[in-house]
Each structure stands twice: as C-alpha cells, then as structure tokens.
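First the structure, in the form of structure tokens, and then the observations on it.
Predicted, not measured: the structure shown is a model, and the values here were computed from it. Because only heavy atoms are used, hydrogens play no part in the values below, and waters and symmetry mates are left out as well, while side chains stay in.
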Amino acid sequence: GEFVMSNSRDTQVLFWRTHDGVPQKSTSTFRDVQWQEPWTCLLGWPVLGVWSDPSYDGTDVNTLCSSSRPEDGYLASGDDSGQVRLFRFPSPEVDPPYSTYTGHAA
C-alpha cells in the first residue's frame, strides 16, 4: 500500500507514506480509506465505540481484531480487567451495544 497507519502510546493515530516514511499531517483525509483486513489497530475511526467505557484510559484496551470474510462484521477487544467484548464492526458510534465475556488478563 501507499500508506501505513500506526498508533502511538499517547493515543495518536499516525499515518506514514510507505515509500519514504514521511508522516502525514492531515489525518482526516484517511477517514474513509479501506484498510487491509483484519483491523488490529487499537485506535481509528471504525473502533471509536470500543473506547466509550468511561473507566477506560488510553492504555486499558490491549488488543482488537475484526473478523474477516465470510464472517465479517464483528470486532473483539480485550482489556486490562480480563474482559473480552464483542462489538459490531465497524463501531464508530459512541456507546455501541456489545456483549461481554470473561477472559484472561496478564
């Protein structure tokens, strides 16, 4: 691809041009880009709903992964408290519905 997206520890969504590594300043231009599946970045437009929990800070969600075809449309998250949450994907809205399951946290 022409660009790569990454997340910083201080909760920034960053975009880089792949052929020379130049950071891209205008992040809003990437809002509707179709990124490679599965989605695994902790931050981004299609996973905003994961961060709706008011008890979360920028480090509480440890992992995210969207489902792939033919069963696409789901997003699983894992957090510091050992909860696995299942959302619809994409989940760009505030306070989306989700199911919670107990997992393991290290």
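Taking OG of S52 as the reference point, atom CZ of F87 lies at 7.5 Å (rounded to 0.5 Å). To the nearest 0.5 Å, atoms OG1 (T100) and CG (L86) are separated by 9.5 Å. Rounding to the nearest 0.5 angstrom, the gap separating the CD atom in Q83 from the OG atom in S99 is 12.0 Å. Distance check, rounded to the nearest 0.5 Å: CG of L48 to CG of D95 gives 13.0 Å. Separation of atoms CG (D10) and OG1 (T59) is listed at 12.0 Å; rounding is to 0.5 Å. Taken to the nearest 0.5 Å, the OG1 atom of T40 stands 9.0 Å off from the CG atom of N7.
Across all their heavy atoms, V61 and S77 have their closest contact at CG1-CB, 4.4 Å. Taking each heavy atom of M5 and V13 in turn, the nearest pair found is SD-CG1, 3.6 Å. Looking at every heavy atom in both residues, G49 comes nearest to P96 through O-CD, 3.5 Å. Annotation for V33 and T29: closest pair CG2-O, 4.3 Å, computed over non-hydrogen atoms. When every heavy atom of G44 is checked against every heavy atom of W39, the shortest pair comes out as CA-CZ2, 3.9 Å. C41 and V47 make their closest contact through O-CG2, 4.1 Å (heavy atoms, listed as atom of the first residue, atom of the second, distance).
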Pair D80-N62, side-chain contact (heavy atoms from CB on, under 4.5 Å): steps then yes or no: CA-CA 7 Å; D80 284 349; N62 300 310; 2.8 Å; yes

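Between F30 and F3, the angle of the ring planes goes over 60°, which puts this pair in the perpendicular group of the 30/60° scheme.
When hydrophobic clusters are built by joining Ile, Leu, Val, Met, Phe, Trp and Tyr residues whose side-chain heavy atoms come closer than 4.5 Å, directly or via intermediates, Y98 is grouped together with F89. V4 and L64 are assigned to two separate hydrophobic clusters, defined by single-linkage of ILVMFWY side chains at heavy-atom distances under 4.5 Å. By the rule that hydrophobic residues join a cluster once side-chain heavy atoms approach within less than 4.5 Å of another member, W51 and V84 end up as members of separate clusters.
Within the 3.5 Å criterion, the main-chain N or O of E2 finds a donor-acceptor partner in the side chain of T18. Counting only distance, with no hydrogens or angles, the side chain of Q24 and the backbone of V22 share a donor-acceptor pair below 3.5 Å. S67 places a side-chain N or O within donor-acceptor distance of the main-chain N or O of Y74, the cut-off being under 3.5 Å.
The shortest distance between side-chain heavy atoms of T27 and F15 falls below 4.5 Å. Proximity of S6 to W16: side-chain heavy atoms (C-beta onward) are separated by under 4.5 Å at one or more points.
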